[in-house]
Structure formats: C-alpha cells, structure tokens
Amino acid sequence: MNQMDLVPGPLLQTIESPEDLKKLNRDQLQQLTDELRQYIIDVVSLHGGHFAASLGVAELTVALHHTFNTPYDQLVWDVGHQAYGHKILTGRRDNFSSNRKYKGLSGFPNRYESIYDTFGVGHSSTSISAALGMSMAAKYKGENDRKVVAVIGDGALTAGLAFEGMNHAGVADTDLLIILNDNCMSIDPNVGALKEYLTDITTSQTYNKFKVDIWKALGKLPVGGHFSREIASKIEHSIKSFVNKSSNLFEALKLRYFGPIDGHNLNKLIDTLQDLKNIPGPKLLHVITVKGKGYSLAENDQTKWHAPGLFDKITGEIYKKKFDTIQPPKYQDVFGHSIIELAEKNPNIFAVTPAMPSGSSLKFMMEKMPNRAFDVGICEQHAVTLSAGMATQGLRVFCNIYSTFMQRAYDQVIHDVAIQDLPVVFCLDRAGLVGEDGPTHHGAYDIAYMRCIPNMIVTAPMNESELRNLMYTAQLEKNQHPFVIRYPRGEGVMPEWKTPFREIEIGKGRRLKDGKDLAILTFGHPGNFATAAIRQLRTEDLDPAHYDLRFVKPLDEELLHEVFAKFDKIITVEDGSIAGGFGSAILEFMSAHHYKAHVIILGIPDKIIEHGTSKQLQQEAGFDAEAIANCARTMLQENFKSNLLSQ
C-alpha cells in the first residue's frame with residue numbers, strides 16, 4: 001500500500017471541525033460516513049490500533065456531531081476504543097496516522113489533546129457518571145441550553161459503576177442523554193443476564209415503537225386541558241403495562257427509554273437525536289450496531305479484529321512477525337496452558353476473569369473445562385469477591401485480572417480476601433509498561449499497592465518456567481494465603497518453556513551471578529534486562545553480581561543480609577512505580593537492619609508515562625538494559641573518583 005491510500009475522501013478532506021458537518025445535506029452526510037469508515041480502515045491497516053469498535057459507530061459519530069453543538073454540548077465516549085471517527089472529525093484527521101505512537105495521538109479520548117475530548121477514558125463504564133457530573137454542573141451554572149451525551153456499550157454496561165451512574169441520573173433532574181451502543185460485544189462476546197435482557201428488547205419491539213409514537217403524537221397537541229404532557233405520560237405508562245414490560249429495567253431507574261433503533265440508519269439516527277434534544281430530563285436511547293461494520297472480516301470475527309495489528313485491507317491478511325528461530329510464547333499463553341495442566345491434576349482449581357478470556361488466555365480453560373472457568377463480564381469487584389466466596393469452600397481460585405484493572409477492585413482485595421486470609425491466587429497480567437495503550441493501561445502500581453497489605457504474598461517470575469513454578473506453588477494445599485503473581489504483556493525469553501513443575505519456597509530468592517563490583521537486585525521480568533546489561537559490562541572488565549529476589553513480600557532476608565554484607569553499591573530494578581515499590585522495600589530492609597550502602601532505584605518514575613512501544617517507554621522510564629549498564633558505570637566511576645580524592 002502506498003501513501004496515496006491514506007488520502008481521505010473528498011468530503012472528509014473538507015471537515016476541519018464538527019461545524020463543517022452542519023453544512024452538509026443528508027446525502028452528503030451518508031457519503032461522509034462512508035469516507036470516514038474507509039479512512040479508518042486505511043490508516044489502521046497501515047499503522048495499527050483498535051479497529052472494529054470505531055467502524056461500528058461511524059453513523060452514530062457523524063449523527064452526534066451533526067446534531068449537537070460540540071464542544072459546547074459535551075460528548076463522553078466510554079472506554080474510547082470506538083472514538084477514532086470522533087478524533088478524525090474534530091481536527092485530528094491529518095495527524096491520525098500517529099495514533100498510539102510514541103509522542104503521537106493517544107489511542108483514547110484525552111483532555112490534554114482536544115477540547116472535544118471532554119473526559120479522559122480507557123477503563124470502561126465511567127461515561128454515565130462523568131456525563132452526569134457535567135450535566136449537574138451545567139444546571140448549577142444556569143447553562144440550560146447545554147446538552148450532555150454519554151455513549152456506552154452493552155459490555156461496559158455490565159460494570160457496577162454504570163448502574164450506579166444510572167441510579168443517580170434517574171433522580172438528578174438533569175438533561176442527560178445516555179446512548180446504549182448495543183453490539184453484543186466488548187473485546188470478547190458479552191456474557192450474563194444483562195446481555196440476554198438486551199437481546200429480549202431487540203427482539204420485542206412492539207411496545208417501544210408504539211410508546212415513542214404515542215409520546216411524539218401527544219406531545220404535538222396543545223398543552224393544557226386533557227392533552228398535557230403529564231396526561232400523556234400517564235397514558236404511556238398504562239400502555240406499558242398492557243403491551244410489553246421490556247423497558248422496565250431502565251424505566252425503573254427513572255430513565256426514559258427509547259429504541260431500539262438501527263445504529264446504521266443515519267437518517268433515523270439524526271431524526272431521533274433531534275427529537276430527543278427537545279425532550280427534557282434523563283433518557284436512554286438504545287442503538288443496535290454491528291462491531292466491525294463495513295469490513296466483512298471484522299463483522300464475522302469481531303474478537304480477532306478488535307485490535308488486529310497491521311493487515312492487508314484487501315485480502316485481510318494480518319501481518320505476523322517473521323522469525324528465523326523458534327520464539328518464546330507470550331506470558332499470557334503460558335498461564336493459559338499451565339492452568340489447564342494444574343487443573344487436570346487438582347480438581348479444586350477454578351479460574352475467573354472479568355471480560356478478558358482472550359487477553360488472559362483463560363479461553364483455553366473455558367473451552368476445555370467450562371464448568372470450572374468463568375468470564376464474569378466487566379466486573380472486577382465481583383470477580384474478586386466471587387473468588388473469595390469460592391475460596392471459603394475449599395476451592396483454589398486463580399483470579400486473572402490485568403494489573404491496571406485490579407485497581408478497580410482494591411477494596412475487595414483488602415476486605416474480602418486479605419482480612420479473611422483466603423488463598424485466592426491473583427494473576428496480574430499486563431504488569432509494567434504495556435505500550436501503545438498508554439497510561440490508563442500501564443500496570444505501574446500493583447507492587448506498591450499489594451505489598452502493603454497484610455497476609456499477602458507478592459511475587460513475579462523472571463521467565464516462563466518461573467511463572468509455571470509460581471502457579472504450581474500457589475495452588476499447593478499448604479499455602480493458605482492470598483498470592484499475587486504479576487507478569488508483563490508480551491513474550492518471555494524461553495522458546496522451550498514447558499518445563500516440569502517444581503515448588504518454589506515462599507520468600508526465597510536466588511543469586512544468578514556472583515560478582516565483586518556492585519550488586520544488581522531485580523524483581524520479575526526486568527531481571528532479563530539486567531542480564532543483558534551485565535553481559536555488556538563484563539566486556540568492559542566490570543563485574544556486577546545479580547540477584548533475582550522473586551518475592552517482594554516476603555523478602556528473602558537471608559539473601560539480603562548476604563548482599564549488604566558484601567556490597568556497598570546496589571542497584572534495584574523493577575517495572576513498577578519507584579514510589580512504594582520493590583526498591584522501597586529494599587531500602588526499608590536496609591534501614592531496619594542499619595546497613596549503609598549507596599542504593600539507586602530504577603523503575604517507573606513519579607510521573608505519568610504516555611504511550612509508545614514497550615521498549616521506548618522502558619527506555620524513557622530508565623530501567624532498560626542500557627539504563628542499568630549506564631547506572632552501574634556511573635556508580636563505579638564515582639567510586640573511582642572518590643578513591644582518587646582520598647589518596
């Protein structure tokens with residue numbers, strides 16, 4: 001594909017802001033929608049990113065910006081996977097190819113990037129609460145003409161936060177519009193009773209169409225007498241009990257329900273949105289869309305095309321890295337296959353994930369053992385407490401949650417697991433800097449927020465074999481405490497990874513290499529960066545020792561006494577926040593035992609790290625192999641200078 005393929009269509013080229021949409025007629029708006037969808041296909045196929053979600057809302061995006069006066073009217077996109085069209089129409093078209101690249105556009109709406117991005121997102125289910133807050137502020141400030149719209153998917157609607165927002169919105173008396181974008185998908189197919197409820201609505205439309213028609217018809221009659229809106233409302237609720245009860249869930253929360261309507265019928269969307277602008281109070285519009293709409297391969301396999309990477313837009317071939325040698329597996333796949341091995345031997349092993357069966361590779365166990373592995377939807381809090389409940393009955397539950405999403409269930413980790421000292425195994429995938437998804441998805445804080453909790457064991461493998469052994473250790477009957485295993489996104493380092501299981505003593509680290517100049521202490525996968533740095537340093541006649549601590553809680557105090565007795569120059573390396581993390585634990589040990597040493601902590605600094613490749617971000621944060629080697633050189637050079645001065 002050549003660069004000419006990235007030229008947007010003729011109408012899209014004229015759109016510099018949503019104001020330009022308002023100058024177009026309906027036929028032109030349809031043409032613009034088609035060009036917008038094609039431009040997303042062109043750019044993402046060449047540059048990567050999330051894909052199917054934005055294709056599914058092309059019509060809705062155009063309709064919203066055509067109908068509402070953005071950015072004065074405020075539009076809040078949930079999660080943001082579907083906001084590519086929004087970005088393109090709001091002044092970022094010509095820079096869109098930098099999306100998710102280092103120093104380029106964020107892959108999600110970002111308040112620092114555009115005034116049209118009203119709320120920073122990345123984690124799901126925040127849109128209703130945020131939009132309600134904006135709507136309440138508008139009411140307080142007397143901005144009665146300002147409209148606020150939240151767009152939320154049916155997957156995001158499964159989270160408790162979405163229900164909390166709706167529960168408040170129904171009684172807040174604000175002019176809030178919630179648009180439910182229903183495509184039966186998040187990243188994987190949606191699960192649970194809510195999915196079945198929404199399906200029932202879409203297949204039973206009689207009441208909904210009748211209700212909207214009655215409301216519109218009565219609303220056009222003169223106000224007063226027997227034909228007031230108040231009487232129309234009473235008629236409507238009488239019809240509800242007679243015809244259909246499908247909208248009770250939303251209307252029980254005092255949200256006026258409209259729909260479902262076809263989310264790919266642009267004219268219908270525009271007409272409906274214009275009508276809803278004139279209906280006061282909190283309301284919900286149910287829109288049916290197809291994730292991946294307009295690209296048949298994405299329509300037919302929506303999970304695969306959620307974020308496919310680079311691909312040939314004509315043939316649909318997804319480009320894979322070509323290797324001359326056998327490559328190591330992804331950590332997530334090592335987890336996914338290893339838990340099946342363990343579960344085949346231990347009938348008490350169960351597994352839970354909140355809406356990430358593909359991302360965590362728990363899908364393998366769900367296929368093979370569907371009665372022992374569960375996707376609970378986007379419900380991290382529920383996932384943790386569900387696991388705790390199972391643990392009270394003697395089951396050993398592996399609760400697999402991305403590190404960044406575990407933050408949403410922190411109270412449950414403390415209250416429901418740690419205080420009761422239940423042996424739930426938390427497998428924290430995507431620990432460390434995850435790359436292009438950026439700051440909302442980095443697993444930067446779990447070392448700090450887990451190691452401060454009593455009863456908690458916190459560990460990290462340096463390679464695939466260590467991951468298997470830690471999983472094996474965690475499920476042993478004699479280990480009866482909460483157990484955290486954190487590991488990064490992407491590939492490990494062992495092509496021959498399927499090693500025999502063996503127990504690792506809790507709190508036991510290991511000396512990987514002896515040395516005399518200084519000690520490098522590592523935790524988890526960054527130990528491989530230290531190995532590479534030491535290899536380089538040895539060519540310079542420098543001789544560092546390397547210790548893999550394995551556990552940040554409990555620490556291997558015997559090993560640390562050895563380190564501090566021998567070395568007065570120490571570097572710690574971790575892929576978590578420096579504040580409160582692994583290095584901090586080492587300093588606490590040093591202080592408690594009155595050692596004196598020059599300790600430098602390498603890890604994620606106290607700032608927000610944006611998006612880019614993992615290697616770019618590790619370099620920026622200063623804990624890649626080169627940074628470790630440079631730190632060692634500096635420490636030894638300073639020691640050499642001080643020795644000269646003392647002579």
Quiz item: Should we count CD1 of Ile318 as having more than 12 external heavy atoms under 6.0 Å?
Solution: yes
Give a yes or no on whether the ring-centroid distance for [X] and [Y] is below 6.0 angstrom.
| X | Y | answer |
| --- | --- | --- |
| His81 | His306 | yes |
| Trp305 | Phe311 | yes |
| Tyr84 | Phe51 | no |
| His561 | Phe589 | yes |
| Phe108 | His441 | yes |

Closest heavy-atom contact between [X] and [Y]?
| X | Y | result |
| --- | --- | --- |
| Cys379 | Thr158 | SG-O, 3.3 Å |
| Pro354 | Asp375 | C-OD1, 4.0 Å |
| Thr118 | Arg111 | O-NH1, 3.3 Å |
| Cys399 | Val424 | CB-CG1, 4.1 Å |
| Ser125 | Ile152 | CA-CD1, 4.3 Å |
| Glu436 | His611 | O-CB, 3.4 Å |

Quiz item: Please walk me through it: do Thr404 and His123 pass side chain to side chain donor-acceptor pair (under 3.5 Å)?
Solution: CA-CA 9 Å; Thr404 183; His123 289 195; 2.8 Å; yes
About how many Å separate [atom2] of [Y] and [atom1] of [X], when rounded to the nearest 0.5 Å?
| X | Y | atom1 | atom2 | value |
| --- | --- | --- | --- | --- |
| His593 | Glu588 | NE2 | CD | 11.0 Å |
| Ile485 | Leu470 | CD1 | CG | 5.5 Å |
| Ser97 | Lys101 | OG | NZ | 6.0 Å |
| Glu562 | Asp556 | CD | CG | 9.0 Å |
| Phe623 | Cys631 | CZ | SG | 14.0 Å |
| His337 | Leu342 | NE2 | CG | 13.5 Å |

When you measure from the side chain of [X] to the backbone of [Y], do you find a donor-acceptor pair of N or O atoms at a distance under 3.5 Å?
| X | Y | value |
| --- | --- | --- |
| Glu626 | Gly622 | no |
| Asp429 | Tyr402 | no |
| Asp117 | Phe119 | no |
| Asn479 | Pro423 | no |
| Thr473 | Ile504 | yes |
| Thr353 | Phe374 | no |
| Arg100 | Leu105 | no |

Would [X] and [Y] count as having a side-chain donor-acceptor pair, cut-off 3.5 Å?
| X | Y | value |
| --- | --- | --- |
| Gln536 | Glu540 | yes |
| Thr613 | Gln616 | yes |
| Asn346 | Gln475 | yes |
| Glu610 | Tyr102 | no |
| Asp416 | Thr385 | yes |

Practice problem: List the steps, then state whether side-chain contact (heavy atoms from CB on, under 4.5 Å) holds for Met471 with Leu467. | Solution: CA-CA 6 Å; Met471 292 174 65; Leu467 173 56; 4.1 Å; yes
Can you tell whether the side chains of [X] and [Y] come within less than 4.0 Å, N to carboxylate O?
| X | Y | result |
| --- | --- | --- |
| Asp543 | Lys513 | yes |
| Arg510 | Asp548 | yes |
| Arg468 | Glu341 | yes |
| Lys368 | Glu344 | yes |
| Asp514 | Lys566 | yes |

Practice problem: Step by step, work out the side-chain contact (heavy atoms from CB on, under 4.5 Å) result for Leu161 and Ser129. | Solution: CA-CA 8 Å; Leu161 180 60; Ser129 295; 3.7 Å; yes
Quiz item: Under 30°, 30 to 60°, or over 60°: which ring-plane class applies to Phe564 and Tyr595, parallel, tilted or perpendicular?
Solution: parallel
Practice problem: Check step by step if side-chain contact (heavy atoms from CB on, under 4.5 Å) holds for Arg92 and His86. | Solution: CA-CA 9 Å; Arg92 288 164 279 183; His86 160 80; 3.7 Å; yes
Quiz prompt | salt bridge (Lys or Arg N to Asp or Glu O under 4.0 Å) partners for Lys615, two or more places apart | solution = none
Quiz item: So do the side chains of Lys553 and Val484 get within less than 4.5 Å of each other, counting heavy atoms only?
Solution: no
Self-check item: Phe335 side chain near Leu362 side chain, heavy-atom distance below 4.5 Å
Solution: yes
Self-check item: Thr572: which of Val599, Leu549, Ile600, Leu587 passes side chain to side chain contact (heavy atoms under 4.5 Å, CB included)
Solution: Val599
Exercise. Check the pair Lys569, Asp517 against side-chain contact (heavy atoms from CB on, under 4.5 Å), reporting the backbone distance first and the verdict last.
Key: CA-CA 8 Å; Lys569 292 178 287 297; Asp517 293 330; 5.9 Å; no
Exercise. Starting from the C-alpha separation in whole Å, work towards a yes-or-no answer on salt bridge (charged side-chain N to carboxylate O under 4.0 Å, His left out) for Arg550 and Glu466.
Key: CA-CA 9 Å; Arg550 280 188 179 138; Glu466 290 282 290; 2.7 Å; yes
Practice problem: Could you please spell out the steps behind the ring pair (Phe, Tyr, Trp, His ring centres under 6.0 Å) verdict for Phe426 and Phe483? | Solution: CA-CA 6 Å; Phe426 294 114; Phe483 203 109; over 10 Å; no
Exercise. Sort and list the pairs that fulfil salt bridge (charged side-chain N to carboxylate O under 4.0 Å, His left out) and have at least one residue in residues 478-489, not counting sequence neighbours.
Key: Asp446-Arg486, Lys478-Glu503, Arg486-Asp575
Quiz item: side chain to side chain donor-acceptor pair (under 3.5 Å) between Asp333 and Ser361: does it pass, once the steps are laid out?
Solution: CA-CA 6 Å; Asp333 289 338; Ser361 291; 2.5 Å; yes
Exercise answer: donor-acceptor pairs, residues 518-526 side-chain atoms, under 3.5 Å, sequence neighbours excluded:
unit_1 : atom_1 : unit_2 : atom_2 : d
Thr522 : OG1    : His546 : NE2    : 3.0
His525 : ND1    : Tyr331 : OH     : 2.8
His525 : ND1    : Asn528 : ND2    : 3.3

Practice problem: Quick one: do Lys330 and Glu464 satisfy salt bridge (charged side-chain N to carboxylate O under 4.0 Å, His left out)? Show the steps, please. | Solution: CA-CA 9 Å; Lys330 294 179 179 178; Glu464 295 90 325; over 6 Å; no
